[in-house]
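A short worksheet on the structure shown next.
When a ligand or atom number is given, it counts from 1 through the structure's own listing order. Quick caveat, the model's predicted, so the values are computed rather than measured.
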Amino acid sequence: MTPYKRCLLGLSMAGALQLASCTSQPTSDGETMTSEQTATEKLPADVHSYAQPAEAVTKHLDLDIDVNFDQKTISGTASYLIDNLTGTDKIVFDSRNLQIENAYLGDNIEETTFELGETNQFMGQSLTVKIKPDTKKVTIKYKTSPDAAALQWLSPQQTAGKKHPFLFTQSQAILARTWIPIQDSPGIRFTYNAKVKVPKELLAVMSAENPVQKNSTGVYTFEMKQPIPSYLMALSVGDLVFEKVGPQTGIYAEPATIKAAAYEFAEMDKMLVAAEKIYGKYRWDRYDLLVLPPSFPFGGMENPRLTFVTPTVLAKDRSLTSLIAHELAHSWSGNLVTNATWDDFWLNEGFTVYFERRIMEELYGKEYADMLNVLGYQDLKHTIADKGADNADTHLKLDLEGRDPDEGLTDIAYEKGNFFLQNIEKAVGRARFDQFVNDYFNTFAFQSTSTDKFLDFLRSELIKGDEELAEKINIEGWVYSPGLPEGFTAPASSRFAKVEEAYNAWKSGKPAAQLTTKDWSSHEWLHFIRMLPETMSLQQMADLDKAFNFTNSGNSEVLAAWFLHSIKNNYATADKALETFLTNVGRRKFLVPIYKALNATPEGKKKALAIYAKARPNYHAVSTVTLDELLK
Ligand code: BES
Ligand code: ZN
C-alpha cells in the first residue's frame, strides 16, 4: 500500500497535530511531509491573490445581496466564518472595483477597521480587515460597480424573450473579486449559503442547490454544501424556466429557448452515467445546465451543479454536445480536484479534455472521439506555431506571475494536457490508467493540487521506479518543455480520411455539388472547411456555398470557420451574415479569430472597427478586454 492510501482523508487542515495518523513520504525538496500536507498545506503560493491563507482563511460564506437592474449593482453583505490559524490580527481578501462600506466582527457585528491596498489593473486591491486572535466571523458590507468585470447586465433586447433584463456572472479566473470581496484563490475552498433578492418577475440561480420556479417574493435562498474555490461562485438572474431531462439532470433557459435546449441536450443524463462509469460517483447531487443569452463570452463554464452554456451550441442536431461532456467532466477534474494556482491550469483543462473525449467515446464510439482529437490537435499546432516553438507559455506548467491569468487560457492547457494524459494511457494501458486517475480523484477530492503534487502522485502510484515507463511518459518533455515532445504521434481519424478524399477530389476539379458528403457531422464539415486553401476564387467560394450553404449554416462552428475564408477572399455574399454573427454572438473563441482576420488588411480593419463599434455593447468584459487590445 502507498502512503497516499494510508492517509485519513477529509480531516480538518487546521493543525499539524491532527495529521499524525498519516504516513510520511519524502518530498522532492528533501523534507519529510505527510501526504495530507502534500495534498493541501504545501501548495505553491498563488501570485494572483492577495490573500494569506496560511494565516487566516475563509471556510464558509454567507452572502446576503440585492440585485438592482436599474443601477446595475449588487449590494449587501458577505459574511465569512474564518480560521485564524496563527492568531493574526488581520485577514486579507481580494477586491476589485468594489465599494467596501463597512467591516464587522462576530455575531453581534462589532465594527472593525479595514484597509484597501494599491490598485493593480487585473489583481484589484487587497482588502485587509482587522481581526482578533479569536475572531470566527467577519462581515463585509459592500456594493459592486456598474462595470464590474464579472457581471454582464443585459437589456431585454439582448435576451431571447426581449421582455426582461438578464444578469450573469463569470468568475473564472480572478473575477469573483469584482462581485464579492473574497479570498480569490483556487487553493482556498469554502462552503456557502446565499440569500438573493431580485425583481419579482425574475428567477435567480446559483452554483448551488437551486429553485425550479419563481416565487412571489423575489427572494431566493441557496446552499452549497461542498467546499468550492471562489472561481466557481456563480449567479444568474433572468426570466428563466426549468425543464427536467433525467432523474438527476435538467435545463434552465429563457422560455423562448427551453424547447430547443431540451432537444439539444437530451443526452446529458447518458453523459452523466458514462462519466460515472469511468471515474466513479458524481459528487454534486444534481447536474443542470443554464443556457445563457449569446453574449456569454465562453462556450461553457463548469459552475458546480449548474453549468453555464452558450446558446451557440444549439445546432438543432446535437452535434456540438461535446461541450456539455467537457463541462460535466469538470465536476471531477477542476471542481472536485482543483488547480491550486493558475500556473497549474492544465490540471483543470487537460484532464477535462481527456475526460470529455472518453465520455464522447463511451457514447458515440472511438471514431467520433478521434475526430475531436484531430480537431484539437489542429488547434494545438496553431497555438504552438503562433506562440513560437520555444515559448515557455507552451509548457504545461506555466509561469504567469505579473500577468493576467487569462493569458494561460490557451490550447496548451487543453490539448497538450490532453495528449500528455493520452500518452500516459497508451504507456500503461487503459485499465491501469483508469485506476490511477480514479485514485487521484479520490485522494485529492475537494482539495486543490499543484502540478508538482500531481507529478509526485504519478511517480509514486504509477511509475514506481520503472525507468522504461518513466522514459515513455516523459514528464520533462511534456510538462517543462515547449511544443510537443519528439516522437509524439499525431492523432488520426478514419472519418476524416473520407473528408480528405472528398477534399482532394474537389481540389482536382470535381464540382462541390458532386462530392460524397452524406452523413457528415459538423466535425467533418469543420475539418473540410479548415482544409480549404487560403486563397480561393470568388467562383470557388460561390460554388462551395451553393452546394453546402455555409453562409446560412445554423451551426456556429461551421459559420465561424467559413467566415475566415470569406474574409480572406473578399467574398462579399457572406458580409451580411458575418455582421449579424458578430453583433449577436459574444463568444470570445469565435470573435478573436474573425476580428483578427478582418484586422489583417486596411479595408478589413475599417469593417472590423465599424462592426465592433456597434457590437461592443453586446459583449462581456472578458471579450472586450481582448478585443480592445486587438483592435486598438
Ligand atoms: N473553465 C473553462 C472556461 C474558462 C477557463 C473561463 C478559464 C475562464 C478562464 C470551460 O470549461 C471551458 O473550457 N470552456 C470552453 C469549452 C470547451 C469545450 C473547450 C469554451 O468556453 O470554449
Ligand atoms: Zn474547461
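The one candidate from E425, E362, E415 that meets the salt bridge (Lys or Arg N to Asp or Glu O under 4.0 Å) condition with R357 is E415.
Distances from the Zn ion (ligand 2) to the N/O/S atoms of H326 are shortest for NE2.
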Practice item. Dump the intermediate steps for salt bridge (charged side-chain N to carboxylate O under 4.0 Å, His left out) on R495 and E524, then the final yes or no. Key: CA-CA 7 Å; R495 284 175 65 170; E524 275 120 338; 2.7 Å; yes
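Against a heavy-atom cut-off of under 4.0 Å, Q170 is close to the following atoms of ligand 1: 6 (C), 8 (C). Atoms of ligand 1 found under 4.0 Å from any heavy atom of F345, numbered from 1 in the order shown, are 5 (C), 7 (C).
For the pair Q183 (side chain) and T58 (backbone), a donor-acceptor distance under 3.5 Å is present.
Seen from the ring of F590, R587 counts as a face-on cation partner, given the 6.0 Å and 45° thresholds.
Distances from atom 14 (N) of ligand 1 to the heavy atoms of G300, S333, S171 put G300 nearest. Nearest residue to atom 6 (C) of ligand 1 from Q172, E327, E349 is Q172 (criterion: closest heavy atom).
Between D411 and K416, none of the side-chain N atoms (NZ, or NE/NH1/NH2) sits under 4.0 Å from a carboxylate O, so this pair counts as no salt bridge. The residues D344 and K453 are annotated as not salt-bridged, no charged nitrogen and carboxylate oxygen being separated by less than 4.0 angstrom.
Annotation: atom 21 (O) of ligand 1 to nearest protein heavy atom, G299 N, 2.5 Å.
Residue Y414 has at least one nitrogen or oxygen atom sitting less than 3.5 Å from a nitrogen or oxygen atom of ligand 1, judged on distance alone. In terms of polar-atom proximity, defined here as any N/O pair under 3.5 Å, H326 does make such a contact with ligand 1.
Side chains of T451 and W346: a donor on one and an acceptor on the other come within 3.5 Å.
Only the side chain of E302 comes within 4.0 Å of ligand 1, judged by heavy-atom distances.
Here the angle centred on the Zn ion (ligand 2), running from NE2 of H330 over to OE2 of E349, is 80°, rounded to 10°.
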